[in-house]
Each structure stands twice: as structure tokens, then as C-alpha cells.
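Note on naming: letters A, B, ... go to the chains in the order of the sequence lines (proteins, then strands), and numbering restarts at 1 for each one. Note: hydrogens, waters and symmetry copies are ignored here, and every other heavy atom, side chains too, is used.
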Protein chains: 2
Amino acid sequence: MPSATATNGRETLASIAYQRLLDDIVGGRLQPGTKLRLQFLTERYEVGNSPLREALNRLSAIGMVQREENRGFRVSPASADELSELIRTRCWLEETALRESIRRGDAAWEEGVLVAYHRLSKRNRLSDEQYVSFDGTWEDLHRAYHLSLLSACDSSILLGFCAQLHEQTLRYRNLSSMKDYRDRHELDEHRTIRDAVLDRDADAAVELLRSHYRVTGEIVLASGSLS
Amino acid sequence: MPSATATNGRETLASIAYQRLLDDIVGGRLQPGTKLRLQFLTERYEVGNSPLREALNRLSAIGMVQREENRGFRVSPASADELSELIRTRCWLEETALRESIRRGDAAWEEGVLVAYHRLSKRNRLSDEQYVSFDGTWEDLHRAYHLSLLSACDSSILLGFCAQLHEQTLRYRNLSSMKDYRDRHELDEHRTIRDAVLDRDADAAVELLRSHYRVTGEIVLASGSLS
DNA sequence: CAAGGAAACAATTTCGAAAACTGCGCCCCT
DNA sequence: AGGGGCGCAGTTTTCGAAATTGTTTCCTTG
């Protein structure tokens with residue numbers, strides 16, 4: 001099967017449109033503030049307007065697009081202010097989740113963190129082209145790693161909020177033009193965090209994680225490209 | 001104009017359906033787990049299925065309804081487990097927001113808290129029937145009071161999450177059959193919290209707020225009516 | 001009699017067109 | 001020259017019907 005729309009079992013046009021729109025917004029291919037006319041979207045994604053409206057409504061609920069009654073949708077604007085608010089909030093929420101996770105996590109959780117880090121580091125050494133597997137993109141592995149750290153916090157609600165913030169900051173990262181930033185010291189940071197977490201050193205792990213986010217944020221901010 | 005659909009300027013059928021559905025779900029008039037067939041909803045709210053689907057999609061993004069591809073929507077189930085997760089998460093997030101609010105809040109914020117409490121207490125003394133004003137229902141005032149406490153945290157994202165959790169727990173409160181619980185000691189608790197907040201005593205305020213939520217949660221849990 | 005499969009039914013999802021709304025330019029009037 | 005209203009083009013929103021999917025029932029078969 002060549003064309004892979006593989007997510008899980010069921011698919012509707014609305015979900016497909018949702019996924020592709022989300023990808024294009026997070027991936028930076030749809031610039032912040034862009035007006036999203038239905039005619040344009042219909043041509044681009046080859047689905048009717050009903051599924052598109054469904055997708056847009058769902059995206060507006062997670063803050064990826066803005067809705068104005070009777071005036072349609074546009075990609076959520078991006079600003080330096082919003083980015084720092086995003087990072088600040090993310091630090092708060094993930095501190096809570098991480099402390100709780102370290103406090104409550106069992107052996108299975110530790111192993112999950114270990115495996116997630118392993119996959120990420122393997123993908124980091126090998127380039128995207130060499131690395132052929134079922135695991136998904138680097139971003140998928142990155143997301144999986146970060147969420148695995150928090151996964152033992154025993155609140156799927158909090159976990160969902162953190163995932164939402166992850167997606168939002170990922171968009172800012174993709175908007176700034178730092179393509180090969182990936183291999184800088186990120187892997188070192190991820191390893192250090194992993195070690196602190198597995199040592200159950202909550203204070204150290206939290207400080208490392210917050211610094212990880214703040215540094216990334218500052219690089220994005222410094223790269224210009226934001227108002 | 002007799003019939004007041006007054007929110008603000010613009011209205012679409014989709015927004016109206018969204019509001020009414022949200023009201024009915026939070027108000028407990030649509031029981032958890034209820035299958036939401038479009039035909040039924042069309043008759044009940046007198047709008048076509050396109051606006052209804054829009055409303056349902058938006059509601060699913062904030063966790064009020066569940067969506068299963070190709071199988072439609074149902075009101076999100078309610079369980080004792082989810083309620084305690086909700087309360088736990090809410091305590092974490094509001095602790096963060098409240099501490100930050102107390103740390104950063106200015107005079108305008110203090111006055112906002114004061115006014116919100118005043119309106120709530122006035123509505124508490126007078127019954128709904130006596131009290132005629134532009135302020136909205138008791139629940140509106142209650143929500144406004146709680147959010148005013150957090151409003152200086154300088155993160156509209158966090159504030160939005162807290163509002164979402166408020167709505168979810170409100171649904172559980174309405175599901176349990178404690179009608180006249182309102183006047184028990186709630187006003188006392190609200191006053192005590194207000195005083196601690198205006199004294200800038202973060203530790204005390206947080207402890208009072210968390211206890212406020214936990215006690216309410218336990219009363220709801222004790223009232224039975226949940227699996 | 002149980003199991004498998006096809007057909008009818010019920011519900012959701014999607015499409016295409018009509019209706020409603022917004023924004024803008026134009027004209028008229030003062 | 002300036003201000004206000006009218007109408008037109010473009011877009012969104014909504015509706016009603018068609019297509020798709022899931023479910024049940026009944027018939028056939030081993």
C-alpha cells in the first residue's frame with residue numbers, strides 16, 4: 001500500500017482534513033494570520049466544505065485557528081508575547097506533572113522513559129533518510145519522549161493540556177528558520193533529563209526541563225521572524 | 001425585545017446550538033452517556049444538522065461530548081474516578097495560577113476580586129427571584145468570582161484551562177442532587193479565601209482553595225449517583 | 001441447532017446549492 | 001468636499017438530499 005493514511009481504524013474526511021490542516025499549521029506551511037477561505041482549502045485538500053468546517057472548528061478549540069462569527073477562520077497569529085506566555089505556562093504545568101510522575105511512577109514508567117529516549121537518540125544519530133522504521137518522524141519520537149516523562153502523573157487531563165502546549169510551541173519552533181538546530185545539544189539535554197528523572201531527583205529534573213524549554217524558546221525568539 | 005439571546009454582537013445558529021447544548025449538558029438535563037442523535041437534536045433545538053455538527057465538534061474538543069468516528073456523538077460519561085482526577089488536576093492548576101496571581105496582582109485585580117465577591121454574596125442573600133439585575137445567574141457570578149482570583153496570573157492559556165475545569169466540575173455538581181447545598185458554608189469559604197487573597201497570604205489562600213474544592217468534591221461523591 | 005453471510009434498516013457523514021451576511025465601492029445629497 | 005445610505009460581489013453559513021458506514025435480522029448451510 002503506497003499512500004499511507006495510517007492512523008488507526010476509522011477515518012472520516014473530517015479527520016483527514018483535521019490532521020492535514022494541523023500538520024500544515026504546526027509545520028509552518030500555513031503562516032500565522034493567513035485567512036483560511038473554504039474555496040482555497042477545498043482545492044488544497046480536495047474535500048468538501050462540511051468536513052473542512054468540522055476540522056476548522058476542532059482546530060479552533062485547541063487554539064490553532066481563530067474563529068470570527070460570519071467572517072470565517074484564520075491561522076492563529078503568532079507573537080513573541082504569546083510564545084513567552086506559552087513557555088511560561090508549559091513550565092508550570094510540566095513541573096507539576098513531572099514531580100507527580102517522579103513521585104508515583106513505577107517500573108513500567110521507567111522503562112517507558114528509557115525506551116522513548118533510546119528511540120529518540122537512535123533517530124538523532126541516524127539521519128531521517130537512513131533511518132527506516134515504523135516509529136514515525138523525529139518530531140513524533142520527540143513528542144513521545146517528552147510525554148513519557150509525564151505519563152505517570154495519573155491525570156490524563158493534565159497530560160492532554162501538556163500535549164496541547166507541546167504542539168503550540170512546536171509550531172513556533174517550525175516557524176523560526178532553525179533547520180539543523182536539532183543536533184546542537186538537544187540530545188545531551190534529553191539525556192541529562194532522563195538521568196535525573198530515573199534517579200528520581202525531582203528538583204534537578206524540573207530545573208533541567210524548565211531550562212530546556214526556556215533555552216529553546218530564547219533561540220526561537222532570537223531567530224527573529226516574530227513581531 | 002422579549003426573547004433575550006443576548007451574548008454580544010454576532011450570533012450564528014451553530015453558536016446558539018453550542019451554548020444551549022453546553023447548558024443542557026452542564027446543567028445535567030442531558031445525562032452522561034446519552035446518545036446524541038442528530039434527529040433528536042434537530043427537533044429539540046430546531047436547527048439543521050450542519051450547525052449541530054459544528055457545535056458537537058466544538059464540545060468534543062473541551063471534553064463535554066465524546067466522538068466516535070462514524071458512530072456519532074454521546075454526552076461524556078461521568079465517573080467517580082474522573083471526578084477525582086478532575087479535582088486533583090484543578091487543585092494543581094489553580095494553585096499555580098493563584099500563587100502567581102497573588103504575586104503579580106495589582107490594585108485593579110484586588111478591586112476585581114472584591115467586586116466579584118460582593119456580587120456573589122449579594123446574590124447569595126437574596127434569592128434568585130428577588131434579585132433582578134444584569135449580572136446573570138448565581139453560577140455566572142460564582143464562576144466570575146473564582147476566575148477573578150486567578151485573573152492576574154498573566155497567562156490566558158492557564159486561565160482558559162482553569163475555566164474548562166470549572167465547567168467540568170460544575171457538571172458533576174449539577175448531576176448530583178444537592179439543590180440547596182448552595183447556602184451551606186460556601187459563602188463563608190468564599191469570604192475566607194477572599195480575605196487570604198487580599199492579605200496576599202499565598203500559602204493560606206491556596207490551602208483554603210484546595211480544601212474548598214476537595215470538600216465540594218467529597219459532597220458530590222458522597223451523594224451517590226455516580227458509578 | 002449453531003454459525004456464517006447477505007440483505008434491509010438506521011444512523012452518520014458528505015455533497016451541492018440556496019440563503020444570509022459582510023465589506024466595499026459608488027452615488028447621491030447636503 | 002464630506003458624510004451617509006444603497007447595492008453588488010465575495011464569503012460564510014445553512015439546508016435538504018445523496019452517499020457511506022454500521023447494525024440488525026433473517027435466511028441459508030454445515
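Distance, A/L38 CG to D/dT14 C1': 13 Å, rounded to whole Å. D/dC15 atom C1' lies 16 Å from atom CD of B/Q39, rounded to whole Å. One atom, CG of B/N49, and another, C1' of D/dT14, lie 9 Å apart when rounded to the nearest Å. B/E43 has its CD atom 14 Å from the P atom of D/dG16, to the nearest Å. The separation between A/R67 atom CZ and D/dT12 atom P is 13 Å, rounded to whole Å. Atom CZ of A/R74 is separated from atom C1' of C/dG23 by 13 Å (rounded to the nearest Å). B/L52 has its CG atom 16 Å from the P atom of D/dT13, to the nearest Å. C/dT14 atom P lies 14 Å from atom CD of B/E54, rounded to whole Å.
The only option from A/H146, A/R88, A/E218, A/H166 that meets the side chain to side chain donor-acceptor pair (under 3.5 Å) definition with A/Y213 turns out to be A/H146.
Minimum atom distance to the side chain of B/A14 is reached by D/dT14, of the listed C/dT14, D/dT13, D/dT14. Minimum atom distance to the side chain of B/N70 is reached by C/dT13, of the listed D/dT14, C/dT13, D/dT13.
Contact annotation for A/L36: backbone-only contact, meaning every heavy-atom pair under 4.0 Å involves sugar-phosphate atoms and none involves a base. Looking at heavy-atom distances under 4.0 Å, B/T12 makes contact with sugar-phosphate atoms alone, never a base.
Judged purely by distance below 3.5 Å, without hydrogens or angles, the side chains of B/S15 and B/T12 pair a donor atom with an acceptor atom.
Residues A/E69 and B/F73 both approach DNA chain C. Their nearest nucleotides, taken by heavy-atom distance, put B/F73 toward the 5′ side.
Of the possible polar contacts, none joining the B/E100 side chain to the B/D154 backbone as a donor-acceptor pair under 3.5 Å is found. Of the possible polar contacts, none joining the B/T34 side chain to the B/V75 backbone as a donor-acceptor pair under 3.5 Å is found. No donor-acceptor distance shorter than 3.5 angstrom exists from the side chain of B/T42 to the backbone of B/G48, with no hydrogens or angles considered.
A/R37 has a side-chain polar atom (N or O) that falls below the 4.0 Å cut-off from OP1 or OP2 of D/dT11. An OP1 or OP2 oxygen of D/dT23 is reached within less than 4.0 angstrom by no side-chain nitrogen or oxygen of B/K35. Using a 4.0 Å cut-off, some side-chain N or O of B/R71 falls inside it from OP1 or OP2 of D/dT23. Listed pair B/R53 / C/dT12 fails the phosphate criterion, with no side-chain N or O lying under 4.0 Å from OP1 or OP2.
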